[in-house]
There are 2 protein chains.
Amino acid sequence: MIKNMPKILVVDDELDILEIIRHALNKEGFEVHIAANGFQALEQTRKIKPDLILMDVMMPVMDGMEACRQLKEDTDTKNIPIVFLTARSEEFAELAGFEAGADDYISKPIRPRVLMSRLKAILRRRNAIQSSSHETLEFGDLKIDRERFVVEFMGKSLQFPRKEFELLSFLASRPGRVFSRDEILENVWGNEVLVVDRTIDVHVRKIREKLDERYIYTVKGVGYKFEAA
Amino acid sequence: MIKNMPKILVVDDELDILEIIRHALNKEGFEVHIAANGFQALEQTRKIKPDLILMDVMMPVMDGMEACRQLKEDTDTKNIPIVFLTARSEEFAELAGFEAGADDYISKPIRPRVLMSRLKAILRRRNAIQSSSHETLEFGDLKIDRERFVVEFMGKSLQFPRKEFELLSFLASRPGRVFSRDEILENVWGNEVLVVDRTIDVHVRKIREKLDERYIYTVKGVGYKFEAA
DNA sequence: TGCAAATATTAAGGTATTGTTAATAGCGAC
DNA sequence: GTCGCTATTAACAATACCTTAATATTTGCA
């Protein structure tokens, strides 16, 4: 029902600013979490896995720069974009933030419109279709074109629904390898899905129909695999 | 596997800023060389033939403007794009910079994402210009003339509104490739627009009307694609 | 063989995504 | 200013999709 809105962690020691930003972001539909210093930011980040962190540079306990550095060192968090809030004309701070791995910064005083458009621009970037998975997979008379989102089977071009395509594409990315339902859910549905695993069976059914009952095989008690033979 | 990364020469007399920029560019995979003034910049340029020069305007020994002028006079170096770093509201300096042959300038304070995207854009443009960036695209009875901003469809010449043209043109620039709405926003609307993504749908509607419901196809849950078939 | 567990299958409902229209705001030309 | 065109948004409709639940079938094993 409720769409999966981006989670944003806002970090600032000034409570009123925190509140203002929180409110503004909430209104846009973001899921907002807060922290009051760098240390809390680290904790929160590990807990909630935000899609983006908006962080003040100057803070007690642990400043933004240091928090940023630590987050960028951790494999689990280094890909989370970090946007710094800086006082105007803190040029050096900005450049240093850049070095620490920040993705952007926004000068105070904060203009809501600007804030929004920056955040959205950054988030948009991550929503680009993963370029790494753009190779087309070929197996005899089956071709999975990840660029066109099209499956070609025995000469015919088939439009697969998204989940079916992703599922097939995932399994076919490692032919022969058996994936458990849990692995499939992890990879095709994502981390926080609330889906019964019988759902996979249904998608498998549909795919098998379209592909003449070939390619996807059940390994009972284990999971599914893709096999070209 | 190691790609031939662009060489960038960074010229600034402030060593700490130089270091930070160097580090940041390195992280993006550029091969970075440095110089501390205009004179060194000339030397370095002749030696390493950088793909792009990022240069402060204000420097001792030889300022950026003068260095730029000299580089643009030399046949060997005049095609190397030069980007100036200028203090905020040095409008005059910017104008003078263009006169001196600069390709772009970036105002301090430097915004990381802006810096990167400008540099990449310039490098991209350079690569693109030689090949084919705004040639006219042809697909059977559809012709997209990017020079005249005109679409010819089944013999008739149609004047598309700007956004519709840009959208069609963008999708058609990589036929078959599916673009997510976010990618489309990023590329057609630009970096910092604040536009609801349903806007795309409306433009798509209008384009489809004009093109007889052909060419633009929806991939549900993913995005849109252009297909000539 | 028969039983239990795992997987298949089907159809139906709810939901997310897109389609479409119309209203509004903005911009430029005259 | 007014007219006309474009861009954007909002609101509603349409539909493709995903998921589930209920039931059937298969498989492994006692």
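Convention: sequence-line order gives letters A, B, ...; per-chain numbering from 1.
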TODO: Let me know, please, whether B/Glu164 or A/Ile200 comes out on the 5' side of the other along DNA chain D by nearest nucleotide.
DONE: B/Glu164

Open item on the list: Using heavy-atom distances to pick each residue's nearest nucleotide on DNA chain D, tell me which of B/Lys163 and A/Lys206 is more 5'.
Closed with: B/Lys163

Picking from [options], which would you name as closest to the side chain of [X]?
X        : options               : answer
A/Arg208 : C/dA8, C/dG19, D/dT19 : C/dA8
A/Pro161 : C/dT20, D/dC18, C/dA8 : D/dC18
B/Val195 : C/dT7, D/dT8, C/dA11  : D/dT8
A/Asp201 : D/dT8, D/dC18, C/dT9  : C/dT9
B/Arg181 : D/dT8, C/dT9, C/dG19  : C/dG19
B/Arg162 : D/dA7, C/dT7, D/dC18  : D/dA7

Open item on the list: Quick one, A/Leu85 and A/Val57 - any side-chain contact, counting heavy atoms below 4.5 Å?
Closed with: no

Distance check needed: [N] [atom2] versus [X] [atom1], whole Å only.
X        : N      : atom1 : atom2 : answer
A/Gln159 : C/dT17 : CD    : P     : 17 Å
A/Glu209 : C/dT10 : CD    : C1'   : 10 Å
B/Phe149 : D/dT6  : CZ    : C1'   : 15 Å
B/His203 : C/dT18 : NE2   : P     : 16 Å
B/Arg205 : D/dA13 : CZ    : P     : 18 Å
A/Tyr217 : D/dT27 : OH    : C1'   : 18 Å
A/Arg198 : C/dA11 : CZ    : P     : 19 Å
B/Lys225 : C/dT18 : NZ    : C1'   : 16 Å

TODO: Respond yes when some side-chain nitrogen or oxygen of A/Thr218 is under 4.0 Å from OP1 or OP2 of C/dA6, and no when none is.
DONE: no

Open item on the list: With a 4.0 Å limit, can you tell me whether A/Trp189 has a side-chain N or O closer than that to the phosphate oxygens OP1/OP2 of D/dT19?
Closed with: yes

Open item on the list: Under 6.0 Å from the ring centre and within 45 degrees of the ring axis: does the NZ or CZ of B/Lys210 meet both conditions for the six-membered ring of B/Phe160?
Closed with: yes

Task: Cation-aromatic face contact A/Arg146/A/Phe149, 6.0 Å, 45 degrees - done: no

Task: Under 3.5 Å: donor-acceptor pair, side chain of A/Thr77, backbone of A/Leu71 - done: yes

Open item on the list: If we ignore hydrogens and angles and just use 3.5 Å, is the side chain of A/Lys225 paired with the main-chain N or O of A/Phe179 as donor and acceptor?
Closed with: no

When all nucleic acid strands are considered with a 4.0 Å heavy-atom cut-off, which category describes [X]: base, sugar-phosphate, or nothing?
X        : value
A/Tyr224 : sugar-phosphate
A/Val202 : base
A/Thr199 : base
A/Lys220 : base

- [ ] Flag the pair A/Phe226 / A/Phe139 as yes when their ring centroid distance falls below 6.0 Å, and as no otherwise.
- [x] yes

